[in-house]
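Worksheet for the structure shown next.
In what follows, every chain begins at residue 1, and chains take the letters A, B, ... in the order their sequences are listed.
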Amino acid sequence: MLYFGWLLVLALLAVPAAKRHTVTMSAFQFAPRDLHVAVGDTVVFDNRDIVPHTATAAARWDTGHIAAKSTGQMVARKKGEYTYACLYHSNMKGKLIVK
Amino acid sequence: MRYSLTAVVGAGALALAACAAAPEPGVKAAPLSDAEIAAIVFAANAVDAETGDLAAERASNPAVKQFGKTMATDHRAVNAAAGELVTRLKVTPAENAFSQKLQRDGATFRAELANKSGAAFDRAYIAHEVAYHKAVIAAVDQVLIPNASNAELKQTIIGVRPALVAHLEHAERLLAELK
């Protein structure tokens, strides 16, 4: 029983812990513009502007409306490269690379 | 270099860019006060928010309709932030010839726009938004920022500039799609 307990501990240690990353939305730009994350990681979008934004990868994922001076987030579920934009300000663009 | 309010008003709201870049020779300089700048900021944002309301209600193209909603939201947000600032600074916005002209021209344009419909409405609105944002950006760069005395007011206007540029780029892209 103890043996299996240790196996479980080792297995858990082998799985990298999910990380939190932050993308700021400031002066109508995403920063960093390109972000590399792992499957399972969380990306927090921190809107520091005085207007609402979104981070939206069409038909893939969408933070929805993020009010001024607040945050939204998404969890990277699937590997791939996702270009995303603000639905309200389409010149605001970013890229999320999920490995 | 600072430019006079007289020169700004003389050329009309949407000719502001050209006027600010080349003020009439011989016009006596009369720098804008912070109170006058505040009134211009409020008027410029209120006018575009109200025009945005009309577009959100009447535009036929969904992207134009969304753009109108965004203009209404964003320009009201700017005015809310500006309102908090001037309250804190104890600056009372002072209506002036330019802020009043902005309001008059805005009302005139909305009346013209209200007589249009369908694709003609959409094109007229977006073409106006391109011209309006170009003029306002020029005013910000060449009139409002150089004349603002209070550092916080100046910084607030500088901080709003990226929003105006984003709106302009968005409107230009929409206009290209509508043609």
Side-chain angles (χ1 to χ4, degrees), chain A residues 20-37 42-74 76 80-97, chain B residues 41-42 45 48-49 52 55-56 59 61-86 88 126 129-130 133-134 136-137 140 152-153 155-178:
Chain A
R20 286 173 74 83
H21 308 264
T22 299
V23 174
T24 59
M25 304 157 121
S26 178
F28 288 70
Q29 291 184 336
F30 293 107
R33 188 182 169 97
D34 294 354
L35 179 66
H36 294 255
V37 304
T42 297
V43 182
V44 177
F45 290 89
D46 182 5
N47 181 6
R48 298 180 185 175
D49 279 335
I50 60 170
V51 302
H53 291 305
T54 77
T56 305
R60 302 292 183 89
W61 51 264
D62 185 1
T63 61
H65 181 95
I66 304 174
K69 310 292 182 191
S70 64
T71 61
Q73 65 181 50
M74 59 81 67
E81 282 196 12
Y82 303 91
T83 55
Y84 63 90
C86 171
L87 276 181
Y88 311 137
H89 310 100
S90 54
N91 57 318
M92 278 178 73
K93 293 184 191 308
K95 186 190 280 185
L96 184 68
I97 301 102
Chain B
V41 168
F42 282 122
N45 283 294
D48 210 45
N61 182 307
V64 175
K65 194 179 274 285
Q66 178 58 54
F67 183 82
K69 287 180 189 171
T70 299
M71 292 306 100
T73 300
D74 286 5
H75 286 288
R76 289 199 171 98
V78 172
N79 268 357
E84 289 173 12
L85 178 67
V86 297
R88 188 156 47 78
I126 294 299
E129 288 300 289
V130 169
H133 282 87
K134 280 182 179 174
V136 172
I137 290 167
V140 162
E152 276 192 85
L153 177 62
Q155 200 53 49
T156 296
I157 298 169
I158 291 170
V160 166
R161 193 182 188 283
L164 299 170
V165 172
H167 292 169
L168 173 60
E169 290 175 358
H170 194 164
E172 285 178 330
R173 196 162 47 252
L174 283 175
L175 187 60
E177 289 169 9
L178 292 174

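Top candidate by heavy-atom pairs under 4.5 Å with chain A, chosen from B:Ala163, B:Ala80, B:Ala77, is B:Ala163.
Contact annotation for A:Ala68: neither backbone nor side-chain heavy atoms come within less than 4.5 Å of a heavy atom of chain B. In this structure, the portion of B:Ala81 lying under 4.5 Å from any heavy atom of chain A is its side chain and not its backbone.
Contact detail for A:Ala27 and B:Pro162: the closest heavy-atom pair is O-CB, 3.6 Å.
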Inter-chain donor/acceptor N,O pairs below 3.5 Å: chain A to chain B:
unit_1: A:His89; atom_1: NE2; unit_2: B:Asp74; atom_2: OD2; d: 2.5
unit_1: A:Ser90; atom_1: OG; unit_2: B:Arg173; atom_2: NH2; d: 2.3
unit_1: A:Asn91; atom_1: ND2; unit_2: B:Glu169; atom_2: OE1; d: 3.2

